[in-house]
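Along the sequence shown, residues are numbered consecutively beginning with 1. Order of listing sets the numbers, starting from 1, for every ligand and every atom in it.
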Amino acid sequence: MQSNYVRIFDTTLRDGEQSPGATMTSTEKLEVARGLARLGVDIMEAGFPAASPDDLEAVRRIAVEVGNGVDGRQPPVICGLARATRGDIEKAWEAVRFAARPRIHTFLATSEIHMKYKLKMDREEVLRRVREMVSLARSLCDDVEYSPEDAGRSDPEFLYVVLEEAIQAGATTLNIPDTVGYTIPEEFGQLISNIMRNTRGIENCVVSVHCHNDLGLATANTLAGLDAGARQAEVTINGIGERAGNTALEEVVMALHTRPAQYNLNTGIDTTQITRLSKLVSNYTGIVVQPNKAIVGGNAFAHEAGIHQDGMLKHNQTYEIMRPEMVGAAQSKLVLGKHSGRHALKARLASLGYGLEEAEMDVIFERFKLLADKKKTITDADLEALVADELYQPRELFVLDGLQVSCGTMGMPTASVRLRDPEGNLHLHASMGTGPVDAAYKAIDAIVQQPSELQEFVIHAVTEGIDALGEVSVRIQGTDLKQNAQKDLDQPRTFGGYGADTDIVVASAKAYLSALNKMLVATGRYDRVEAPAVQQVVAS
Ligand code: KIV
Ligand code: ZN
């Protein structure tokens with residue numbers, strides 16, 4: 001008898017972090033991992049330890065600090081990815097072993113095209129390698145997952161044989177990836193049913209699904225797989241991931257939650273944490289969530305058309321299938337202002353899930369007072385932007401110490417920028433540009449001297465009103481390969497940055513500096529020591 005519990009396996013920190021520009025510092029990864037633990041994921045894939053010493057260290061830190069429980073909860077399983085090689089598997093084990101519930105996830109492709117061109121292995125060799133490497137992983141760890149990469153395009157008859165081999169070698173979870181997002185729901189559901197029917201010993205394993213979104217079908221395919229009997233879904237926050245991304249956690253969870261009669265499946269996810277984690281991941285990666293994105297987009301609960309608004313006023317279920325508060329998207333009506341004290345601010349932050357140390361409260365309270373002088377009412381969204389801007393940043397190697405711009409129609413836009421370098425020295429530079437942001441970025445470049453190209457620049461207002469706080473997300477790409485110091489990559493890497501301020505040029509400069517600071521760490525120009533992570537508590 002199949003249980004109706006679906007394990008949520010989050011891979012934001014591994015497959016998600018593989019998307020261009022999604023690079024996170026290890027402090028950011030730890031913060032996301034804490035958020036995932038509070039969200040209630042069953043398993044988190046914390047990274048790919050063999051990718052670089054930094055990646056291994058980040059996974060190890062998560063295993064130690066999150067893998068032994070957060071806020072007294074049952075610790076999630078902490079998983080490390082490994083290619084099917086001895087070196088990768090040993091590194092994955094080295095990284096996850098300190099978690100209360102470690103898992104090694106190893107993969108080897110099974111499609112003809114991958115075996116012939118990428119692996120240059122025949123079927124026999126693949127079978128032998130799976131047997132040997134799954135056994136090795138199992139000799140180290142009781143919990144082993146095996147994925148036949150590109151299963152969606154593999155010969156099903158060969159898949160059954162490979163999966164049987166993995167089961168005999170000790171795999172406890174068998175994950176079926178649609179690596180290139182090629183399948184369609186009926187087909188993928190059928191593949192899962194066939195695997196369950198034709199693979200000997202599979203009843204003792206958990207079957208998992210892992211879908212990519214190249215045809216926009218990742219969520220539909222995942223649901224079809226669960227309907228066919230899979231009981232683990234591999235997902236990422238906001239659906240970030242390689243190319244068109246992975247299946248979005250929020251979509252699968254809310255589909256199961258909203259349509260219980262259809263699926264009769266449940267998860268352990270605290271859905272009210274979804275929006276906050278979505279924002280955190282978006283701020284850290286610099287990957288902006290499209291406004292019409294299901295569940296977490298800015299417009300997901302907005303009703304613009306008159307007919308819709310009229311319907312909503314009469315009965316919210318006329319146009320709403322989920323309440324925004326179910327995913328933590330409802331904005332509090334309780335606003336703070338100029339006269340609100342430190343105590344009220346602390347209480348509001350705590351109810352939003354931020355348990356700040358006194359020193360952190362000092363910083364946020366000062367920013368709050370400055371903001372309250374400029375803006376009449378301060379909402380939860382403003383507070384979240386302030387916390388993200390002040391506390392959830394990579395170690396600030398270069399800090400913005402001053403900025404002055406002159407722009408408009410009467411002359412060349414000019415910016416004077418003063419930065420403090422990691423040794424505490426101040427540098428001042430003035431530049432001209434096509435606009436104030438361009439001028440400020442040129443001045444920053446002149447001081448920091450780290451060649452990069454701006455790939456994306458997105459600005460948006462946190463709340464309505466002319467006095468709103470502006471949020472800026474940028475993505476920059478390095479123009480030389482030295483920044484790959486820690487990774488064996490032949491493509492320049494991209495880095496995201498975030499900044500918030502009522503002055504959008506200041507927010508833009510902060511976002512650019514935050515991305516540059518990450519790039520500087522990756523080049524090895526500075527050591528990798530980072531500021532301690534912010535502690536959060538769960539809203540009561
Ligand atoms: O998409 C994929 O095939 C993967 C595997 C490593 C599971 O991410
Ligand atoms: Zn994947």
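When side chains are defined from C-beta on, R60 does not count as touching E65, because their heavy atoms never get closer than 4.5 Å. Proximity of T272 to V327: side-chain heavy atoms (C-beta onward) are nowhere separated by under 4.5 Å.
The environment of NZ in K116 is sparse: at most 12 heavy-atom neighbours from other residues, nucleotides or ligands sit within 6.0 Å. Enclosure of atom OH in Y182 is not indicated, since only 12 or fewer non-hydrogen atoms of other residues, nucleotides or ligands lie within 6.0 angstrom.
Using a 4.0 Å cut-off to heavy atoms of H212, the atoms of ligand 1 that qualify are 1 (O). Residue P177 approaches ligand 1 through these ligand atoms, each under 4.0 Å from one of its heavy atoms: 2 (C), 3 (O). Each of the following atoms of ligand 1 lies closer than 4.0 Å to a heavy atom of D15: 8 (O). Atoms of ligand 1 found under 4.0 Å from any heavy atom of S147, numbered from 1 in the order shown, are 7 (C). Listed by atom number, the atoms of ligand 1 under 4.0 Å from E149 heavy atoms are 3 (O).
For atom 3 (O) of ligand 1, the closest heavy atom belonging to the protein is T179 OG1, 2.6 Å. In terms of protein heavy-atom proximity, atom 4 (C) of ligand 1 is nearest to H210 NE2, 3.5 Å. Protein heavy atom nearest atom 5 (C) of ligand 1, with residue, atom name and distance: R14 NH2, 4.0 Å.
Side-chain N or O atoms of N68 include one that pairs as donor or acceptor with a backbone N or O of V64 at under 3.5 Å.
Inclusion of D15 in the first shell of the Zn ion (ligand 2) is supported: an N, O or S atom falls under 2.8 Å.
Atom NE2 is the N, O or S atom of H212 at the shortest distance from the Zn ion (ligand 2).
Checked for salt-bridge contact, R128 and E125 miss the test: no charged N lies under 4.0 Å from a carboxylate O.
Of the residues N213, T183, T247, the one that meets the side-chain hydrogen bond (donor to acceptor under 3.5 Å, both in side chains) test with D178 is T183.
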